[in-house]
> 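Quick one: structure below, then a few questions.
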Amino acid sequence: MDIFIHRSSKVFGGKIFDGRLIIFLRPFCSSDSTASTLTSHSLTIPILKDLISKQHWSEVKAHLKETDPTALLCHLLSSKADPEIILRYYNWSQKELKISHPLQLSFGLLHSLATTKSYSKIRAFLHKFVQDENLHSNSSIFHALSICSNKLCANSIIADMLVLAYVRNLRTRLGFEAFKRAGDYGFRLSMFSCNPLLSALVKDNAIGDVEYVYKEMMRRRIEPNVITFNVVINGLCKVGKLNKARDVIEDMKAWGIPTNVVTYNTLIDGYCKMGRVGKMYKADAILKEMVANKVFPNEVTYNILIDGFCKDENVSAAKKLFEELQRRGLKPNVVTCNSLINGLCCAGKLDEAIEFWDEMLGLGLNRNVVTYNVLMNGFCQKKMIKEARDLFDDMRGHGLAPNAITFNTLIDAYCKNGMMEEAFVLQSSMLEKGVFPLASTYNCLIGGLCINGDIKAARKLIFEMEDKGLRADHITYNILIGALCQEGESRKAAKLLNVMFKVGLSPSHVTYNTLMDGFCMEGNLKAALNVRMQMENKGRRANVVTYNVLIKGFCRKGKLKDANGLLNEMLERGLIPNRTTYEIVREEMMEKGFIPDIEGHLYNVSISS
DNA sequence: GGCGATACCG
């Protein structure tokens, strides 16, 4: 890189001319001193380089009495000094002289480091650079980068490292913005920045941006690898776009990149977590597909399926898989056991859960915090608070520290069993145990107060949590909305929905369903249907609970034909009626002599559960 | 740089 310094001025800009960067300098205070400074510079530059390389900073400082530190940086850059020496000077002058050099020079330095392939130095530089509170905008950064050099290759490498630095420092939005700018400038990024960017966007649930980056990568011919595709598939699965996820697998084939076990595991998990008809059947189909493609299931595959069957209230299928896993020479791990113990607890089979808890050690597996949490929760579900507390007290002796979820589990149990005092005592003991209470911790307490009908105290607790810097979340609102509905104050509850929008919270299915239930209980079907419309306008499709709530509401009003229509509609939409649906139909329709069209289907539901 | 388990709301 060639840098021309316009004589007798301080830096205020730069320009590429004839492939060389010209830095314009602002005039010094007096033109006389300027002339002498520059003369002395040309004489002292070699001396200064030497002083810098030896880190004789006090002598460097003495020289800088007559010279502007930024002008010296310019000279070092234009004299093609060793990039290491320039970097050393740059860092020292920023730290000791509190100088903030112009962006162009910072990127000039990076370009000079690029010429010697000192990439780790560039990475480290950018890592610190993006942590700056007064970070420059991406628009000025890219402008500076582009005017420093027209070497596309070096610019691309620096831009790539910049994106990565943003992502590593959790500044995902800026990383995404830089990704877009890099495209505008024609800089070619690589999977080394794009994969972490995609991964961070998935974690932020910004799936629209994930799809954008993915499409752009294809358009810009940024070479992807199997991880690129796996991350995108995971993002799409998280928001239920399973068909799109399958399309990505087709893209992989087009790129000639083979799928691997993670690809299939991700997709299987996507199906397991999606509540549609025959989801486990579909998950199983993918398992067969992967084997047909010579990709063999590993422990994680089994863990995903075991958890899926447990959540599908089919623990016996989960247990069979547990046996199969071992038959295939694979070893269950702590996650496998945690899923099974949790599944057994949820199915009310506490005895079997405890049996399994004992067997774990025989398998050579150590329990972790989650193991404790799930069994504690199992005890709590059976109102065995004492046993849950014993487990809690037992943890430390086994070298395990309770986490926020451990506390939440026990606090919630206290709240639900009329032991508010114990709940508050436990909550206030959290900090001294080094665990920060979360919004969810307060949610447990708020729920407890609401059960006692003390909505006033609940609202007061919200102020307390916000004082501690914890924001009420959508669950907090769900609890309050539910409590108001219970008291026959659905109108007031509906107002909270608007409050949620105002504070930037997005109501969930539970929020809408709770409110609909409130209106249904008051016999206000019109208001309930209105809530459903609001919900679907927000892009949330009715789920099984929505239908259950509405069907029950219509039945109670004697509108059995309308209820029957809703039953048909839910099936058409691919939703699985559950045990609650069956109970509603039996109690509210069949006992009154009305046989719904989907009776046979419901019969299957009733015998399987 | 990618996949799996737990609590608070219907």
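Computed over heavy atoms, backbone and side chain alike; hydrogens, waters and symmetry mates excluded. Proteins come first, then strands; the chains are lettered A, B, ... in the order of their sequence lines, and each starts at number 1.
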> When all nucleic acid strands are considered with a 4.0 Å heavy-atom cut-off, which category describes Val374(A): base, sugar-phosphate, or nothing?
sugar-phosphate
> Whole angstrom is fine here: how far is it from CE in Met395(A) over to P in dT6(B)?
16 Å
> Checking contacts here: which listed nucleotide (dC9(B), dG1(B), dC8(B)) is nearest the side-chain heavy atoms of Ser199(A)?
dG1(B)
> My understanding is that only residues two or more places apart in sequence, or in another chain, count here; which of them pass side chain to side chain donor-acceptor pair (under 3.5 Å) with Thr476(A)?
Asn443(A), Asp473(A)
> Does Ile475(A) reach a base, just sugar-phosphate, or nothing at all? Heavy atoms under 4.0 Å.
base
> Hey, does Asp473(A) reach any base, or is it just sugar-phosphate, or nothing, if we go heavy atoms under 4.0 Å?
nothing
> What's the closest nucleotide to the Arg168(A) side chain, out of dG1(B), dC3(B), dA5(B)?
dG1(B)
> Which one, dG10(B), dC3(B), dT6(B), comes nearest to the side chain of Val510(A)?
dG10(B)
> Strictly below 4.0 Å, N to O, side chains only: are Glu569(A) and Arg532(A) in salt-bridge contact?
yes
> For Lys253(A), is there an ion pair with Glu250(A) - N to carboxylate O distance below 4.0 angstrom?
yes
> Under the 6.0 Å and 45° cation-pi test, does Arg328(A) pair with Tyr302(A)?
no
> With distance as the sole criterion, do the side chain of Asn443(A) and the base of dA7(B) form a donor-acceptor contact below 3.5 Å?
no
> Is the side chain of Arg556(A) donor-acceptor paired with the backbone N or O of Glu588(A) at a distance under 3.5 Å, no angle test?
no
> Rounded to whole angstroms, how far apart are CG on Asn377(A) and C1' on dC8(B)?
11 Å
> According to side-chain contact (heavy atoms from CB on, under 4.5 Å), who are the partners of His474(A), at least two apart in sequence or on a separate chain?
Asn478(A), Met500(A), Ser508(A)
> Just checking Val226(A): base, sugar-phosphate only, or nothing, at a heavy-atom cut-off of under 4.0 Å?
base
> Report the distance from atom CG of Leu449(A) to atom P of dC9(B), rounded to the nearest whole Å.
13 Å
> Tell me: NZ of Lys203(A) to P of dC3(B), nearest whole Å?
6 Å
> Kindly write out the residues that satisfy side chain to side chain donor-acceptor pair (under 3.5 Å) with Gln534(A), not counting sequence neighbours, or none if the list is empty.
none
> Atom CD1 of Ile306(A) and atom C1' of dT6(B): how far apart are they, to the nearest Å?
17 Å
> With respect to the side chain of Val300(A), which nucleotide from dC3(B), dA7(B), dA5(B) is positioned closest?
dC3(B)
> To the nearest angstrom, how far is Asp517(A) atom CG from dC9(B) atom P?
15 Å
> Given atom CD1 of Ile451(A) and atom C1' of dC8(B), what is their separation to the nearest angstrom?
11 Å
> List for me each residue that meets side chain to side chain donor-acceptor pair (under 3.5 Å) alongside Glu223(A), sequence neighbours excluded, and say none if there are none.
none
> Closest to the Val370(A) side chain: dG10(B), dG1(B), dT6(B)?
dT6(B)
> For DNA chain B, determine which residues of residues 399-420 of chain A have any heavy atom closer than 4.0 angstrom to one of its atoms, and list them numerically.
Ile405(A), Asn408(A), Thr409(A), Asp412(A), Lys416(A)
> Counting just side-chain N and O atoms, does Lys273(A) come under 4.0 Å of either OP1 or OP2 of dA5(B)?
yes
> If you check the Leu438(A) side chain, which of dA7(B), dG10(B), dA5(B) turns out closest?
dA7(B)
> Val262(A) side chain: which of dA5(B), dG10(B), dC3(B) is closest?
dC3(B)
> Identify, with sequence neighbours excluded, every residue that meets ring pair (Phe, Tyr, Trp, His ring centres under 6.0 Å) alongside Phe407(A).
Phe392(A)
> Among dG1(B), dC8(B), dT6(B), which nucleotide sits nearest the side chain of Met191(A)?
dG1(B)
> When we call it a touch if two heavy atoms are under 4.0 Å apart, what does Lys552(A) touch: a base, just sugar-phosphate, or nothing?
nothing
> Please give, in whole Å, the distance from dC8(B) P to Ile462(A) CD1?
18 Å
> Taking the minimum atom-to-atom distance to the side chain of Asn234(A), which one of dG10(B), dC3(B), dC9(B) wins?
dC3(B)
> With respect to the side chain of Asn342(A), which nucleotide from dG10(B), dC9(B), dT6(B) is positioned closest?
dT6(B)
> Considering every strand and a 4.0 Å limit on heavy-atom distances, what is the contact class for Asn548(A): base, sugar-phosphate, or nothing?
nothing
> Pick base, sugar-phosphate or nothing for Asn225(A), based on heavy-atom distances below 4.0 Å to the nucleic acid.
base
